[in-house]
Trainee: 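What follows is a single structure, and I will ask about it in a moment.
Counting begins at 1 with the first residue of the sequence.
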Amino acid sequence: MEGFAVDTNLLLHSTPRRLLCGIALETGQQIHVLPEVHNEVLRGITRVERRRFERRHKASLAKRSTQEKVKQIRAVEDAAKGWYLSELERGDSPLNLAFKSEEDAFEIERIASELPELAFQKRRASEPVAGDPLIVSEAVYFDIDLLSTNNLNTINHGLINRWLRDKGWNRPLILDPSQTLERLSNRSVQRCYRWLLAHMMNTIHEIDEENHHAFQRALNRLESSGFDQKTNGFEGVLWDVKEYYKRDFRFQENLRATFGHAARQAAFDAEIRLIEAVRKAV
(Lines give C-alpha, C1' and ligand atoms only; values in the text may rest on other atoms or scores of the structure.)
Protein backbone atom coordinates (compact mmCIF):
# COMPACT_ATOMS: atom_id res chain seq x y z
CA MET A 1 0.00 0.00 0.00
CA GLU A 2 1.22 3.49 -0.80
CA GLY A 3 2.11 5.79 2.01
CA PHE A 4 4.38 8.37 3.56
CA ALA A 5 6.31 8.86 6.80
CA VAL A 6 6.20 11.73 9.27
CA ASP A 7 8.63 13.07 11.83
CA THR A 8 7.96 12.69 15.54
CA ASN A 9 6.43 16.12 16.21
CA LEU A 10 3.73 15.56 13.61
CA LEU A 11 2.58 12.41 15.43
CA LEU A 12 2.92 13.71 18.97
CA HIS A 13 0.43 16.55 18.70
CA SER A 14 -3.26 16.13 17.96
CA THR A 15 -3.65 18.90 15.36
CA PRO A 16 -1.16 17.66 12.73
CA ARG A 17 -1.74 14.01 13.68
CA ARG A 18 -5.48 14.16 13.08
CA LEU A 19 -5.07 16.02 9.79
CA LEU A 20 -2.41 13.71 8.37
CA CYS A 21 -4.20 10.55 9.54
CA GLY A 22 -7.41 11.84 7.98
CA ILE A 23 -5.67 12.55 4.69
CA ALA A 24 -4.03 9.12 4.72
CA LEU A 25 -7.39 7.43 5.29
CA GLU A 26 -9.09 9.50 2.62
CA THR A 27 -6.41 8.80 0.01
CA GLY A 28 -5.97 5.11 0.88
CA GLN A 29 -2.42 5.48 2.13
CA GLN A 30 -0.50 4.40 5.21
CA ILE A 31 1.55 6.54 7.53
CA HIS A 32 4.74 4.54 7.95
CA VAL A 33 5.98 4.97 11.52
CA LEU A 34 9.76 4.66 11.36
CA PRO A 35 11.41 2.78 14.27
CA GLU A 36 13.16 5.88 15.67
CA VAL A 37 9.97 7.92 15.36
CA HIS A 38 8.14 5.15 17.21
CA ASN A 39 10.65 5.25 20.06
CA GLU A 40 10.46 9.02 20.28
CA VAL A 41 6.65 9.00 20.27
CA LEU A 42 6.60 6.44 23.08
CA ARG A 43 8.75 8.76 25.16
CA GLY A 44 7.17 12.01 24.05
CA ILE A 45 3.45 11.33 24.09
CA THR A 46 3.48 10.92 27.86
CA ARG A 47 5.01 14.39 28.17
CA VAL A 48 2.59 15.99 25.72
CA GLU A 49 -0.53 14.52 27.32
CA ARG A 50 0.74 15.20 30.83
CA ARG A 51 1.20 18.88 29.99
CA ARG A 52 -2.20 19.07 28.35
CA PHE A 53 -3.81 17.48 31.42
CA GLU A 54 -1.95 19.79 33.80
CA ARG A 55 -2.97 22.83 31.76
CA ARG A 56 -6.65 21.87 31.66
CA HIS A 57 -6.87 20.78 35.30
CA LYS A 58 -4.56 23.27 36.94
CA ALA A 59 -7.11 24.40 39.53
CA SER A 60 -8.17 20.91 40.64
CA LEU A 61 -4.58 19.63 40.76
CA ALA A 62 -3.62 22.52 43.04
CA LYS A 63 -6.06 21.20 45.65
CA ARG A 64 -4.56 17.70 45.72
CA SER A 65 -1.65 16.36 47.72
CA THR A 66 1.67 15.70 46.05
CA GLN A 67 1.05 11.96 46.23
CA GLU A 68 -2.39 12.30 44.60
CA LYS A 69 -1.00 14.52 41.85
CA VAL A 70 1.81 12.10 41.08
CA LYS A 71 -0.66 9.23 40.92
CA GLN A 72 -2.92 11.12 38.52
CA ILE A 73 -0.06 12.23 36.30
CA ARG A 74 1.29 8.70 36.04
CA ALA A 75 -2.17 7.45 35.15
CA VAL A 76 -2.40 10.03 32.37
CA GLU A 77 1.02 9.05 31.03
CA ASP A 78 0.14 5.35 31.03
CA ALA A 79 -3.17 6.05 29.31
CA ALA A 80 -1.50 8.12 26.59
CA LYS A 81 1.10 5.46 25.88
CA GLY A 82 -1.54 2.73 25.92
CA TRP A 83 -3.69 4.68 23.47
CA TYR A 84 -0.81 5.09 21.02
CA LEU A 85 0.12 1.40 21.14
CA SER A 86 -3.50 0.35 20.71
CA GLU A 87 -3.88 2.61 17.65
CA LEU A 88 -0.96 0.81 16.02
CA GLU A 89 -2.86 -2.45 16.42
CA ARG A 90 -6.17 -1.23 15.03
CA GLY A 91 -7.14 -2.48 11.60
CA ASP A 92 -8.78 0.82 10.69
CA SER A 93 -5.77 2.96 11.63
CA PRO A 94 -3.48 4.36 8.91
CA LEU A 95 -0.47 3.99 11.23
CA ASN A 96 1.90 1.25 10.06
CA LEU A 97 4.89 0.51 12.30
CA ALA A 98 8.07 -0.39 10.42
CA PHE A 99 10.19 -3.04 12.12
CA LYS A 100 13.93 -3.39 11.69
CA SER A 101 16.15 -6.41 12.32
CA GLU A 102 19.77 -6.32 13.46
CA GLU A 103 20.79 -6.59 9.84
CA ASP A 104 18.52 -3.68 8.97
CA ALA A 105 20.05 -1.64 11.80
CA PHE A 106 23.55 -2.26 10.45
CA GLU A 107 22.60 -1.05 6.97
CA ILE A 108 20.76 1.97 8.38
CA GLU A 109 23.85 3.02 10.35
CA ARG A 110 25.92 2.64 7.20
CA ILE A 111 23.56 5.03 5.39
CA ALA A 112 23.78 7.44 8.31
CA SER A 113 27.56 7.46 8.06
CA GLU A 114 27.29 8.54 4.41
CA LEU A 115 24.85 11.41 4.94
CA PRO A 116 26.29 14.92 4.43
CA GLU A 117 28.05 16.09 7.59
CA LEU A 118 26.37 19.49 7.58
CA ALA A 119 22.86 18.11 7.11
CA PHE A 120 22.08 18.02 10.84
CA GLN A 121 22.61 20.63 13.46
CA LYS A 122 25.07 19.75 16.25
CA ARG A 123 25.72 16.29 14.89
CA ARG A 124 29.00 14.72 15.98
CA ALA A 125 30.49 11.76 14.18
CA SER A 126 31.57 10.20 17.49
CA GLU A 127 28.01 10.12 18.88
CA PRO A 128 25.67 7.12 18.41
CA VAL A 129 23.28 7.50 15.49
CA ALA A 130 19.95 8.70 16.88
CA GLY A 131 17.29 11.35 16.41
CA ASP A 132 17.09 13.17 13.08
CA PRO A 133 20.01 11.39 11.34
CA LEU A 134 18.57 8.00 12.26
CA ILE A 135 15.06 8.96 11.12
CA VAL A 136 16.33 10.14 7.74
CA SER A 137 18.53 7.05 7.34
CA GLU A 138 15.58 4.76 8.13
CA ALA A 139 13.44 6.60 5.58
CA VAL A 140 16.12 6.06 2.94
CA TYR A 141 16.61 2.40 3.86
CA PHE A 142 12.89 1.58 3.85
CA ASP A 143 12.53 3.37 0.51
CA ILE A 144 9.98 5.86 1.84
CA ASP A 145 8.54 8.10 -0.85
CA LEU A 146 7.98 11.12 1.39
CA LEU A 147 9.19 12.07 4.86
CA SER A 148 7.33 15.06 6.28
CA THR A 149 9.07 17.07 8.99
CA ASN A 150 8.75 20.52 10.54
CA ASN A 151 12.29 20.34 11.95
CA LEU A 152 13.62 23.05 9.66
CA ASN A 153 16.11 24.25 12.25
CA THR A 154 17.78 20.88 12.80
CA ILE A 155 17.58 19.22 9.37
CA ASN A 156 18.89 20.80 6.18
CA HIS A 157 16.19 19.59 3.78
CA GLY A 158 17.80 20.94 0.65
CA LEU A 159 21.21 19.44 1.35
CA ILE A 160 19.82 15.96 1.99
CA ASN A 161 17.48 16.09 -1.01
CA ARG A 162 20.36 17.15 -3.27
CA TRP A 163 22.52 14.33 -1.88
CA LEU A 164 19.74 11.82 -2.60
CA ARG A 165 19.25 13.21 -6.09
CA ASP A 166 22.92 12.58 -6.77
CA LYS A 167 22.33 9.00 -5.53
CA GLY A 168 19.57 8.50 -8.10
CA TRP A 169 16.38 9.54 -6.29
CA ASN A 170 14.02 11.13 -8.79
CA ARG A 171 12.27 13.52 -6.40
CA PRO A 172 12.79 15.06 -2.95
CA LEU A 173 12.37 12.78 0.05
CA ILE A 174 12.12 15.38 2.81
CA LEU A 175 9.33 17.93 2.66
CA ASP A 176 8.03 20.44 5.17
CA PRO A 177 4.34 20.15 6.14
CA SER A 178 3.23 22.73 3.57
CA GLN A 179 5.08 20.94 0.77
CA THR A 180 3.63 17.66 2.05
CA LEU A 181 0.07 18.89 1.57
CA GLU A 182 0.97 20.13 -1.89
CA ARG A 183 2.33 16.75 -2.98
CA LEU A 184 -0.44 14.69 -1.39
CA SER A 185 -3.09 16.88 -3.03
CA ASN A 186 -1.28 17.09 -6.38
CA ARG A 187 -1.08 20.86 -5.81
CA SER A 188 -4.85 21.23 -5.52
CA VAL A 189 -5.66 24.12 -3.18
CA GLN A 190 -9.34 23.17 -3.29
CA ARG A 191 -8.54 19.66 -2.10
CA CYS A 192 -6.33 20.95 0.72
CA TYR A 193 -9.09 23.33 1.72
CA ARG A 194 -11.64 20.53 1.97
CA TRP A 195 -9.15 18.42 3.95
CA LEU A 196 -8.82 21.21 6.47
CA LEU A 197 -12.59 21.61 6.72
CA ALA A 198 -12.98 17.89 7.32
CA HIS A 199 -10.12 17.21 9.69
CA MET A 200 -9.69 20.46 11.60
CA MET A 201 -13.29 21.08 12.68
CA ASN A 202 -14.80 19.20 15.63
CA THR A 203 -18.43 20.04 15.10
CA ILE A 204 -20.85 22.10 13.01
CA HIS A 205 -22.48 24.96 14.91
CA GLU A 206 -26.02 26.14 14.28
CA ILE A 207 -24.82 29.73 13.94
CA ASP A 208 -22.77 30.24 10.78
CA GLU A 209 -20.54 32.88 12.35
CA GLU A 210 -19.42 30.37 14.97
CA ASN A 211 -18.32 27.99 12.22
CA HIS A 212 -16.21 30.74 10.67
CA HIS A 213 -14.58 31.52 14.01
CA ALA A 214 -13.91 27.84 14.67
CA PHE A 215 -12.26 27.39 11.26
CA GLN A 216 -10.09 30.46 11.73
CA ARG A 217 -8.94 29.12 15.10
CA ALA A 218 -8.19 25.78 13.44
CA LEU A 219 -6.05 27.54 10.82
CA ASN A 220 -4.14 29.30 13.59
CA ARG A 221 -3.46 25.99 15.34
CA LEU A 222 -2.23 24.46 12.12
CA GLU A 223 0.00 27.46 11.49
CA SER A 224 1.61 27.06 14.90
CA SER A 225 2.20 23.37 14.10
CA GLY A 226 4.61 24.28 11.32
CA PHE A 227 2.32 24.29 8.28
CA ASP A 228 3.01 27.92 7.39
CA GLN A 229 6.55 27.63 6.01
CA LYS A 230 7.50 29.50 2.89
CA THR A 231 9.13 27.55 0.05
CA ASN A 232 11.94 29.36 -1.75
CA GLY A 233 10.55 32.66 -0.51
CA PHE A 234 7.00 31.97 -1.70
CA GLU A 235 3.97 31.57 0.54
CA GLY A 236 2.99 27.99 1.32
CA VAL A 237 -0.24 26.10 0.86
CA LEU A 238 -1.79 27.44 4.08
CA TRP A 239 -1.71 30.95 2.66
CA ASP A 240 -3.38 29.67 -0.52
CA VAL A 241 -6.06 27.93 1.56
CA LYS A 242 -6.76 31.14 3.48
CA GLU A 243 -7.20 33.02 0.22
CA TYR A 244 -9.50 30.30 -1.12
CA TYR A 245 -11.52 30.46 2.09
CA LYS A 246 -12.02 34.22 1.72
CA ARG A 247 -13.64 33.64 -1.67
CA ASP A 248 -15.71 30.62 -0.64
CA PHE A 249 -19.30 31.84 -0.60
CA ARG A 250 -20.50 28.27 -0.10
CA PHE A 251 -18.48 27.75 3.10
CA GLN A 252 -21.35 26.32 5.15
CA GLU A 253 -22.38 23.94 2.37
CA ASN A 254 -18.80 22.75 1.81
CA LEU A 255 -18.27 22.28 5.54
CA ARG A 256 -21.35 20.11 5.88
CA ALA A 257 -20.35 18.06 2.85
CA THR A 258 -16.96 17.17 4.34
CA PHE A 259 -18.53 15.88 7.56
CA GLY A 260 -20.11 13.02 5.66
CA HIS A 261 -16.79 11.36 4.79
CA ALA A 262 -15.90 8.14 6.62
CA ALA A 263 -12.22 9.15 6.78
CA ARG A 264 -13.16 12.32 8.64
CA GLN A 265 -15.07 10.38 11.27
CA ALA A 266 -12.35 7.75 11.68
CA ALA A 267 -9.62 10.33 12.29
CA PHE A 268 -11.88 12.22 14.70
CA ASP A 269 -12.80 9.04 16.58
CA ALA A 270 -9.12 8.20 17.13
CA GLU A 271 -8.59 11.48 18.98
CA ILE A 272 -11.77 10.94 20.98
CA ARG A 273 -10.39 7.55 22.08
CA LEU A 274 -7.33 9.32 23.46
CA ILE A 275 -9.43 11.83 25.37
CA GLU A 276 -11.60 9.05 26.78
CA ALA A 277 -8.56 6.94 27.74
CA VAL A 278 -7.14 9.82 29.78
CA ARG A 279 -10.52 10.64 31.32
CA LYS A 280 -11.08 7.05 32.45
CA ALA A 281 -7.56 6.79 33.83
CA VAL A 282 -8.08 9.60 36.32
Side-chain angles (χ1 to χ4, degrees), residues 3-33 37-38 40-57 73 75-97 148 150 177 180-181 184 192-205 210-211 213-227 238 255-256 258-282:
F4 56 94
V6 298
D7 203 354
T8 307
N9 287 336
L10 298 177
L11 273 188
L12 276 181
H13 302 282
S14 60
T15 294
R17 180 176 62 228
R18 177 181 166 188
L19 174 62
L20 292 170
C21 283
I23 292 173
L25 288 166
E26 192 169 325
T27 57
Q29 300 188 72
Q30 291 182 330
I31 296 180
H32 300 297
V33 182
V37 169
H38 174 64
E40 290 184 355
V41 170
L42 279 175
R43 295 192 297 267
I45 198 165
T46 57
R47 180 185 70 253
V48 169
E49 292 306 315
R50 180 184 70 240
R51 289 177 178 174
R52 181 158 68 166
F53 179 79
E54 289 174 335
R55 186 170 59 251
R56 291 183 174 182
H57 301 275
I73 294 303
V76 168
E77 293 174 341
D78 290 343
K81 185 181 293 187
W83 169 82
Y84 167 66
L85 292 173
S86 67
E87 289 299 310
L88 290 175
E89 298 295 327
R90 290 183 64 92
D92 58 352
S93 171
L95 301 179
N96 173 48
L97 178 59
S148 183
N150 57 6
T180 299
L181 292 184
L184 294 176
C192 287
Y193 174 60
R194 290 180 181 272
W195 282 344
L196 267 57
L197 287 178
H199 306 298
M200 298 298 299
M201 297 282 282
N202 293 335
T203 188
I204 296 178
H205 299 280
E210 292 183 5
N211 289 321
H213 288 323
F215 187 60
Q216 289 163 2
R217 289 194 298 270
L219 291 174
N220 291 337
R221 290 197 306 273
L222 198 62
E223 187 172 314
S224 65
S225 298
F227 282 74
L238 196 57
L255 174 61
R256 286 172 171 78
T258 64
F259 267 54
H261 295 167
R264 183 263 167 199
Q265 192 62 46
F268 178 74
D269 288 345
E271 298 302 319
I272 293 298
R273 286 193 291 271
L274 172 58
I275 294 171
E276 286 297 309
V278 171
R279 184 185 64 79
K280 291 179 181 178
V282 296

Trainee: Check this for me: does any side-chain nitrogen of one of E276 and R279 sit under 4.0 Å from a carboxylate oxygen of the other?
Mentor: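 Salt bridge present between E276 and R279.
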Trainee: Among side-chain atoms of R18 and N202, is any donor-acceptor pair under 3.5 angstrom?
Mentor: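 The answer is yes; a qualifying pair exists.
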Trainee: Is the backbone of P177 close enough, under 3.5 Å, to the side chain of N150 for a donor and an acceptor to pair up by distance?
Mentor: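 Absent.
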Trainee: For a side-chain contact (heavy atoms from CB on, under 4.5 Å) with T8, tell me which candidate from H13, E40, H38 qualifies.
Mentor: E40
Trainee: Is the shortest side-chain heavy-atom distance between L10 and S148 below 4.5 Å?
Mentor: yes
Trainee: Is E87 close to V33 at the side-chain level, that is, under 4.5 Å between some pair of heavy atoms?
Mentor: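 They are not in side-chain contact.
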Trainee: R264 side chain to M201 main-chain N or O, any donor-acceptor pair under 3.5 Å?
Mentor: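 The answer is yes, because a donor-acceptor pair under 3.5 Å joins these two groups.
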Trainee: Under a 4.5 Å cut-off applied to non-hydrogen side-chain atoms, are R52 and V278 in contact?
Mentor: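 Answer no - side chains too far apart.
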Trainee: Do the side chain of W195 and the main chain of G22 share a donor and acceptor less than 3.5 angstrom apart?
Mentor: no
Trainee: What I'd like to find out is whether the side chain of C21 reaches to under 4.5 Å of the side chain of L95, using heavy atoms alone.
Mentor: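 When only atoms from C-beta onward are counted, L95 and C21 do touch, with a gap below 4.5 Å.
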Trainee: Within a radius of less than 6.0 Å around CZ of R273, do more than 12 heavy atoms belonging to other residues, nucleotides or ligands occur?
Mentor: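 Yes, CZ of R273 has more than 12 neighbouring heavy atoms, counting only those of other groups under 6.0 Å.
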Trainee: Over all heavy atoms of both residues, which pair between T15 and M200 is shortest? Give the atoms and the distance, please.
Mentor: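 That closest heavy-atom pairing would be CG2-CE, 3.3 Å.
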Trainee: May I ask you to test the L222-L19 pair for a side-chain heavy-atom distance under 4.5 Å?
Mentor: yes
Trainee: Quick one: does V282's side chain get under 4.5 Å of F53's, heavy atoms only?
Mentor: yes
Trainee: Indicate, with yes or no, if the rings of H261 and F268 have centres closer together than 6.0 Å.
Mentor: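 Between H261 and F268, the centre distance exceeds or equals 6.0 Å.
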Trainee: Sub-3.5 Å donor-acceptor pair from the side chain of N211 to the main-chain atoms of I204, do we have one?
Mentor: no
